[in-house]
2 protein chains.
Amino acid sequence: MSLKFAVLAALHEQPATGYDLTRNFRTRMANVWNASHQQIYRELSKMTEEGLLEVEDVPQDSRPDRKLYRLSDAGIADLANWLTESQGRPPTRDPLLVKLFGGDLVDPESLMAEITRQRQNWRQELDRYRDIEAEYFSAPEQVPFRFRLQHLALRKGIRSMESNLAWADEVVAVLNHEIKSRS
Amino acid sequence: MSLKFAVLAALHEQPATGYDLTRNFRTRMANVWNASHQQIYRELSKMTEEGLLEVEDVPQDSRPDRKLYRLSDAGIADLANWLTESQGRPPTRDPLLVKLFGGDLVDPESLMAEITRQRQNWRQELDRYRDIEAEYFSAPEQVPFRFRLQHLALRKGIRSMESNLAWADEVVAVLNHEIKSRS
DNA sequence: GAATATTATGCAAAAAAGTGCATAACAGGG
DNA sequence: CCCTGTTATGCACTTTTTTGCATAATATTC
């Protein structure tokens, strides 16, 4: 029930089309919410029917028309109301950790390949976040409160990735030790 | 498609009933996979039909019989095969960060209450993980490889919670600053 | 000139996860 | 004796997410 609120929050920042939202969810909000374009378009239709959003048709030559969505008063009220409710933690589901629980069925080299791949992935993600930070949030003191909150969201992503990378090093060390002791 | 593999990995460690699995998923594997008992029982039936598991009926006086599940050869093969496939990252979906994106609709005190609640929650979780570590993994060098991998899974949970707590402090500082500047 | 990427939208089906409800017996505290 | 907790299982319904498919025009690269 929360893609809805992620969309409301994103549109609260500024009006956008499904395409814009898809881009934002993949970039600036990558550490916040994950959704495919199909999900987003579906949700936008549904929320418009429910009266939470207003659509403005923006015709374009040579491209499909853009549908620019913005919050209606009902949408703002719904979001404001949700913000006062206390949220549970998102469920943890980590395939990589499942692998560790079954990991003695395969050789350590195979686990090493996987953890190395993930490490690279996290590294790239961290770099992306840092780029965004440098571009949007380089002067944190002078910026309006809204942006400071967004910056904090990004900071969580950065800390997360740093933590993952440090953990990956710990795993690599253990695997190296095991690989040596077997040979 | 992955509760299946979480179950396979858990049963690979040792045969168990749905009840046992539910307990493990809530405690020792809390940072690995999240599932309700309904989900687990459903999955166990399905996987047994598919021939991945074997059931042994263990009658009990005065309590419903236990159904002890263990991996079949097909189950082991399926798990071993999955372990060689490389996994994508689990999708990020964090309601708390969504709140930050809409957070300027409510007063900072309300956000403060929420972050404080979450902080406590993380703190408790961290304590739980550390208890498990002390109980099961206190002598990491002398323990078989399988346990070392499980320990690493737990380490990720510990690092995660530490990272979350540090981040929470950052948020509290910003909110305090804002609350003061408004009064 | 052909293949690929980008902007822009969406439907339909399948898989996975969440929620409410249900049963059954014992154990322990008040 | 009643209430609550623990062991032990599960069905049915609903919501959410994923995945495959589809369209349409331009811009860019080989």
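Just so it is clear, the values below take in all heavy atoms, side chains as well, and ignore hydrogens, waters and symmetry mates. The chains referred to below are lettered A, B, ... by the order of the sequence lines, with proteins before strands, and numbering in each begins at 1.
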Closest to side chain of B:L3, choosing from D:dT19, C:dG10, C:dA17: C:dA17

For atom CD1 of A:I40 and atom C1' of C:dT9, their distance in whole Å: 12 Å

A:W33 or B:R23, whichever maps to the more 5' nucleotide of DNA chain D: B:R23

Per B:R42 side chain, nearest of listed nucleotides C:dG10, D:dA12, D:dT9: D:dA12

Presence of donor-acceptor pair under 3.5 Å, side chain of B:Q39 and base of C:dG18: no

Residues, nucleotides or ligands: over 12 heavy atoms within 6.0 Å of B:D57 CG: yes

Ion pair B:K156/A:D94, N-O distance below 4.0 Å: yes

Length of the CG-P vector between B:D57 and D:dT9, whole Å: 9 Å

A:E43 CD to D:dT18 C1', straight-line distance once rounded to whole Å: 15 Å

Atom-pair distance (NZ on B:K46; C1' on C:dA14), nearest Å: 11 Å

Lys/Arg-Asp/Glu bridge criterion (N-O < 4.0 Å) met for A:R23, A:D20: yes

Rounded distance (Å) that lies between atom C1' of C:dA17 and atom NZ of B:K4: 17 Å

Check ion pair B:E125-B:R128 (N to O, under 4.0 angstrom): yes

Salt-bridge contact A:E133-A:R130 (side-chain N to carboxylate O under 4.0 Å): no

Phosphate OP1/OP2 of D:dG10 contacted by B:K67 side-chain N/O (<4.0 Å): yes

Nucleotide C:dA25, atom C1' - distance to CG of B:D65 in whole Å: 12 Å

Nearest-angstrom distance from the residue atom CZ of B:F25 to C1' of C:dG18: 16 Å

Residues within residues 8-19 of chain B bordering DNA chain D, heavy-atom distance below 4.0 Å: B:T17, B:G18, B:Y19

Side-chain (B:E114) to main-chain (A:Q87) donor-acceptor, under 3.5 angstrom: yes

Sugar-phosphate only, base, or nothing, as touched by B:R93 at under 4.0 Å among non-hydrogen atoms: sugar-phosphate

Contact nearer the 5' end of DNA chain C, comparing A:L68 with A:P91: A:L68

Shortest side-chain distance from A:S36, nucleotide among D:dT9, D:dT19, C:dT9: D:dT19

From D:dC21, C:dT9, D:dG10, nucleotide with atom closest to A:Q38 side chain: D:dC21

A:S110 (side chain) donor-acceptor with B:T84 (main chain) under 3.5 angstrom: no

End axis versus end axis in the helix from C:dG1-D:dC30 to C:dG30-D:dC1, the angle rounded to 10°, five pairs used at each terminus: 40°

Counterpart residues, ring pair (Phe, Tyr, Trp, His ring centres under 6.0 Å), relative to B:W82 (two or more places apart): B:F5

B:W167 side chain vs A:L152 backbone, donor-acceptor pair below 3.5 Å: yes

Euclidean distance, atom OH of residue B:Y41 to atom P of D:dA12 [Å, nearest integer]: 17 Å

Residues B:E178, A:R148: salt bridge by 4.0 Å N-O rule: no

